There are 2 protein chains.
Amino acid sequence: MSRMKTAKSGRSKASNIYDVARQAKVSVFTVSAVVNNSGKVSDRLRRRVEAAIRELNYRPNLLARSLARHQTHTVGIIVPDIVNPFFPLVVRGAEDVAQNAGYSVLLCNSDNQRQKEEQYLELLLSKRVDGILLTKTHGPFSPAQQRLLADARVPLVLMMRTIPQFRSDAVVSDDLQGAFEAVSHLARLGYRRIGLVGGPLDVSNGRARWQGFRRALKSYHLPYDSSLATEGDYRVESGYQAGLMLLPRLADSVYVANYLMTAGLMKAAEEIGLRCPEDFGLVSFDDYPWLGCFHPRLTTVDLPKYDVGAEAMRLLLRRMNGSAARPMIEKLATHLIVRESCGFALRMKKPVGEREKPVAQLSESRSAVYRQPTE
Amino acid sequence: MSRMKTAKSGRSKASNIYDVARQAKVSVFTVSAVVNNSGKVSDRLRRRVEAAIRELNYRPNLLARSLARHQTHTVGIIVPDIVNPFFPLVVRGAEDVAQNAGYSVLLCNSDNQRQKEEQYLELLLSKRVDGILLTKTHGPFSPAQQRLLADARVPLVLMMRTIPQFRSDAVVSDDLQGAFEAVSHLARLGYRRIGLVGGPLDVSNGRARWQGFRRALKSYHLPYDSSLATEGDYRVESGYQAGLMLLPRLADSVYVANYLMTAGLMKAAEEIGLRCPEDFGLVSFDDYPWLGCFHPRLTTVDLPKYDVGAEAMRLLLRRMNGSAARPMIEKLATHLIVRESCGFALRMKKPVGEREKPVAQLSESRSAVYRQPTE
DNA sequence: TTGTAGGCGTTATCAA
DNA sequence: TTGATAACGCCTACAA
C-alpha cells in the first residue's frame with residue numbers, strides 16, 4: 001500500500017525512498033540510482049521506479065541528501081543592505097549564475113555591522129553552505145573568524161571590497177580608474193575647484209575612489225584643497241551634509257562617490273539655492289536606469305554591478321569544485337556616461353569624439369558585458 | 001585525543017557530537033542537552049561538556065538537526081525581481097523579522113515567469129523550508145502546484161498580490177485606495193483629462209490600481225476616456241511607450257502605477273518636448289528616498305513596502321507555529337506625498353491643510369509605521 | 001545489474 | 001540525571 005495517501009483521504013507524511021522502493025518492489029539503491037540518474041538500471045526497473053515515484057508523488061528530501069553527500073548546494077551571500085540600490089544587481093548577478101549551476105542563495109544583510117556579519121558567518125557555516133559571497137564590513141576578520149573560516153574550509157569570495165592582509169579571491173570594480181575618469185572629465189571641462197564627496201576610508205573602495213580623485217587632480221595640475229574633500233558613508237544623509245559643507249565653499253564642481261550621496265547633495269544644493277549644472281558641475285558614481293529620466297540628468301561612471309556578482313559566483317563555483325589556483329582579484333572595468341549634470345553642454349571645450357573615452361588607463365581593466373536590469 | 005586537530009597540524013574533519021561526548025566522557029544525550037539548553041544536566045557534567053565543546057571548537061551541524069527535528073529554520077522568498085527597486089524593501093522587512101526569530105532566508109527571483117516560479121517552489125519544498133513568502137506571477141496555481149503545496153503542508157503567505165480562488169494569507173498595500181487618492185488629487189487640482197499608465201491587469205494590484213483610477217474619475221464626475229488609459233507591465237520601457245501614446249493625446253495629467261514606468265514616461269515627455277508639471281501634471285506610485293532630490297520632484301503615493309514584507313513574515317511565523325486561524329488578507333495603508341510633479345504650486349486651489357489627507361476611505365486600512373531605508 | 005548494510009550528525013524515546 | 005539506541009531520509013561501498 002502506498003504510504004502517501006491519494007487525493008481525498010487523510011494525508012500522512014511525505015513518502016520517502018523506502019516507500020518508493022517497496023511500491024516498485026526494488027531496493028532503495030535502485031530508486032536512488034534512478035533519481036540521481038547514476039549507475040546502470042535496467043529499463044524495466046527504471047520504469048517501475050518512475051511509476052512508483054509518480055504514484056507516491058515522491059520528491060527526495062534534499063536535507064537528507066545534503067547530510068549524506070556533505071554538500072548542500074546552497075551558498076550564502078552577505079551584503080551590507082539589500083535596500084541600498086547598489087546591491088540588488090550584485091545579488092541578482094550572483095543568483096542567476098548560482099541558479100544556473102543548481103545552487104540556491106541564502107541572503108544576509110550585515111548593515112555594515114561587524115557583529116551581525118560575524119553572526120551570519122557562523123550561521124552560514126553551521127548550515128553547511130558550500131560557499132560564501134561577502135561584501136565585508138570595515139576592518140579585518142577577527143582571529144576567531146579567521147580560524148572559523150580556515151577550519152570550515154569553505155570557499156569565500158569577496159565582492160566590491162578587498163581586505164588587507166587576507167588572501168582570498170575577490171571581484172571588484174575598477175574604482176580607482178573610474179574615479180579618475182570622473183574627475184578627469186570635470187577637469188577637462190575646465191573646472192578648477194573640484195570637490196569630493198568620498199566613500200568611507202575604512203573600506204577599500206572608499207579609499208580607491210579617493211585615490212582616483214587625487215590622481216586626477218595631480219594629472220591635471222590642480223591643487224588638492226582638503227577643505228573641498230569630505231568623507232561620507234555612502235548614505236543619503238552624508239551626501240546632504242557634505243553638500244552643505246562643500247557648496248558654500250565655492251566648489252565649482254563635485255565628484256560624488258555613489259548615487260545615494262549624490263541624491264543627498266542635490267537636496268542640499270536645492271536648499272542653498274544652487275542649480276546643477278548651471279552653478280556647479282557634478283559627476284556621480286554608479287548608474288541606474290532612471291538616471292536619464294530626471295533632472296539634472298546625471299553624468300556618472302557606471303559600475304558593472306551585475307557582473308561583479310556574476311563573476312564572483314563563477315569564481316566561487318570554481319573553488320567549490322576544487323580549483324586550487326592561487327587567490328585572484330578580478331577588477332572589472334567602469335564606464336563613463338556623459339549626460340548633463342557635468343555641464344558638458346554648457347562648457348563644451350573638447351571635440352565630441354573624446355567625451356566617452358578614458359584619458360588614461362591607470363590600471364589594467366577587464367571588459368565585461370553589462371546586463372540591463374529587467375524592471 | 002581530539003578529533004579536530006589544533007592549529008598547525010593537518011586538519012581533519014569538523015568534530016561532531018560524538019567527539020564531544022567522548023572528550024567529556026559523557027553520552028551524546030548529555031551533550032545534546034547542554035547544547036540545546038534542554039533537559040536537566042548537573043553542573044559538573046555541563047562544565048565538562050562546555051570545556052570539550054570549546055576545546056574541539058564544536059558547532060552543531062544544523063543540517064543534521066533539521067533532518068532529525070523536521071524543521072529547517074529557513075524560509076523561502078520568491079519575488080519577481082530583486083532588481084526592481086520595489087522589492088528590496090519588502091525582502092528586507094521580511095528578513096529582519098525572520099532573522100529576529102532565528103530564521104534564514106532563501107531568495108528566489110521568478111522574473112514573473114510561471115515556470116521559474118514553479119521550479120523554485122518545488123526546490124524550496126524539497127529543501128524543506130518551513131514556510132514560503134511569495135509574490136505570485138500572473139495567473140492561478142496549476143493543479144499540480146496546488147497539490148504540491150497541500151501535500152507539503154508548508155505555510156505560504158502571499159505578498160502584494162492575491163490570487164482569486166486560492167485561500168491563503170496575504171499582505172498587500174491598499175492599492176485601490178492609494179490609486180484613488182492619487183487620481184483624486186489630480187482631479188482636485190483641476191485636471192480634466194487624466195491619463196493612466198496602469199499595471200498589468202492579470203495581477204491583482206494592477207487591477208486594483210486601475211479600479212482606484214476609475215472610481216476617482218467617477219467620484220469627480222470625470223468621463224472615462226479609454227484612449228487615455230494604457231496597460232503597462234511595471235517596467236521602464238512600458239512607461240516610455242505609454243508616454244508616447246498618452247501625452248500627444250492631450251492628457252493634461254497622468255497617474256502612473258509605479259516608479260519604473262514613471263521614469264519611462266518622463267523620458268518620453270522629454271523627447272516629445274513636454275515639461276512636467278508645466279505642461280502636464282503627474283502623480284506616481286511608490287516612493288523612494290531620492291525622489292525629492294531630482295526634478296520634477298515626484299508627487300507620489302507611498303507604499304508600505306517594508307511593512308508588507310515584515311507583516312507577511314510575522315504572519316508566516318504564526319502559521320509555522322501552528323496558528324489555525326482562518327486565512328486573512330492584511331491591507332496596509334498608503335500615503336500621498338505631495339511634491340511638485342502634480343503641479344500643486346502652479347494650480348493651488350485647495351487650502352494647504354487638506355493636501356495630505358485622503359478625501360475618502362474606500363476600504364478599511366491598517367496604519368503602519370514606515371521605516372526609512374538606511375542607505 | 002541489483003541488493004544489503006552502514007554511515008552522515010542530530011534528536012528523542014525509554015530504560016536505568 | 002544520564003546512557004543506549006532507534007529514528008530522520010538519503011548515499012554508497014561492498015556483495016551477490
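All values derive from a computational prediction rather than experimental measurement. Below, read A as the first sequence line, B as the second, and so on, with proteins coming before strands; counting in each chain starts at 1.
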(message) Between Glu311(B) and Arg314(B), does any side-chain N to carboxylate O distance fall below 4.0 Å?
(response) yes
(request) Output yes when at least one side-chain N/O atom of Asn61(B) is less than 4.0 Å from OP1 or OP2 of dG9(C), else no. (result) no
(request) For the pair Asp111(A) and Arg92(B), find out whether any cationic side-chain nitrogen is under 4.0 Å from an anionic carboxylate oxygen. (result) yes
(message) Expressed as a whole number of angstroms, how long is the span from Lys127(A):NZ to dT10(C):P?
(response) 15 Å
(message) Under 4.0 Å from OP1 or OP2 of dG3(C): is there any side-chain N or O of Thr30(A) that close?
(response) yes
(message) Please report the distance, rounded to the nearest Å, between CG in Leu62(B) and C1' in dC8(C).
(response) 15 Å
(message) Could you tell me how far apart Asn37(A) (CG) and dT12(D) (P) are, to the nearest whole angstrom?
(response) 14 Å
(request) Before giving the answer on side chain to side chain donor-acceptor pair (under 3.5 Å), spell out for Ser104(B) and Lys127(A) the whole-Å C-alpha distance, their side-chain angles and the decisive distance to 0.1 Å. (result) CA-CA 10 Å; Ser104(B) 333; Lys127(A) 289 214 168 189; 2.9 Å; yes
(message) I'd like to check the side-chain contact (heavy atoms from CB on, under 4.5 Å) partners of Ala312(A); sequence neighbours left out, ordered by chain and number.
(response) Leu133(A), Val157(A), Met159(A), Val171(A)
(message) For the backbone of Gln71(A) and the side chain of Ser66(A), can you confirm whether one donor and one acceptor N or O come within less than 3.5 Å of each other?
(response) yes
(message) Side-chain N or O of Ser66(B) versus OP1/OP2 of dT10(C): is the shortest distance under 4.0 Å?
(response) no
(message) Please report the distance, rounded to the nearest Å, between CG in Leu63(B) and P in dC10(D).
(response) 13 Å
(request) Using a 4.0 Å cut-off on protein heavy atoms (strictly under), produce a 5'-to-3' string for nucleotides 11-16 of chain C with B for base contact, S for backbone-only sugar-phosphate contact, and - for none. (result) S-B---
(message) We want to know whether Asn112(A) and Thr137(A) form a side-chain donor-acceptor pair, criterion being a heavy-atom distance below 3.5 angstrom.
(response) no
(request) Report the distance from atom NZ of Lys25(A) to atom P of dG3(C), rounded to the nearest whole Å. (result) 12 Å
(message) What contact category does Arg128(B) fall into here, base, sugar-phosphate, or nothing, at under 4.0 angstrom with non-hydrogen atoms?
(response) nothing
(request) Starting from P on dC8(D), measure out to CG on Leu67(B) and report it in whole angstrom. (result) 10 Å
(message) Just the rounded figure in Å: distance from C1' of dC11(D) to NE2 of His70(A).
(response) 10 Å
(message) With a 3.5 Å distance limit and no angle check, can you tell me whether Arg161(B) reaches the backbone of Lys136(B) through a side-chain donor-acceptor pair?
(response) yes
(request) Grab the CD-P distance between Gln71(B) and dT10(C) for me, whole Å please. (result) 16 Å
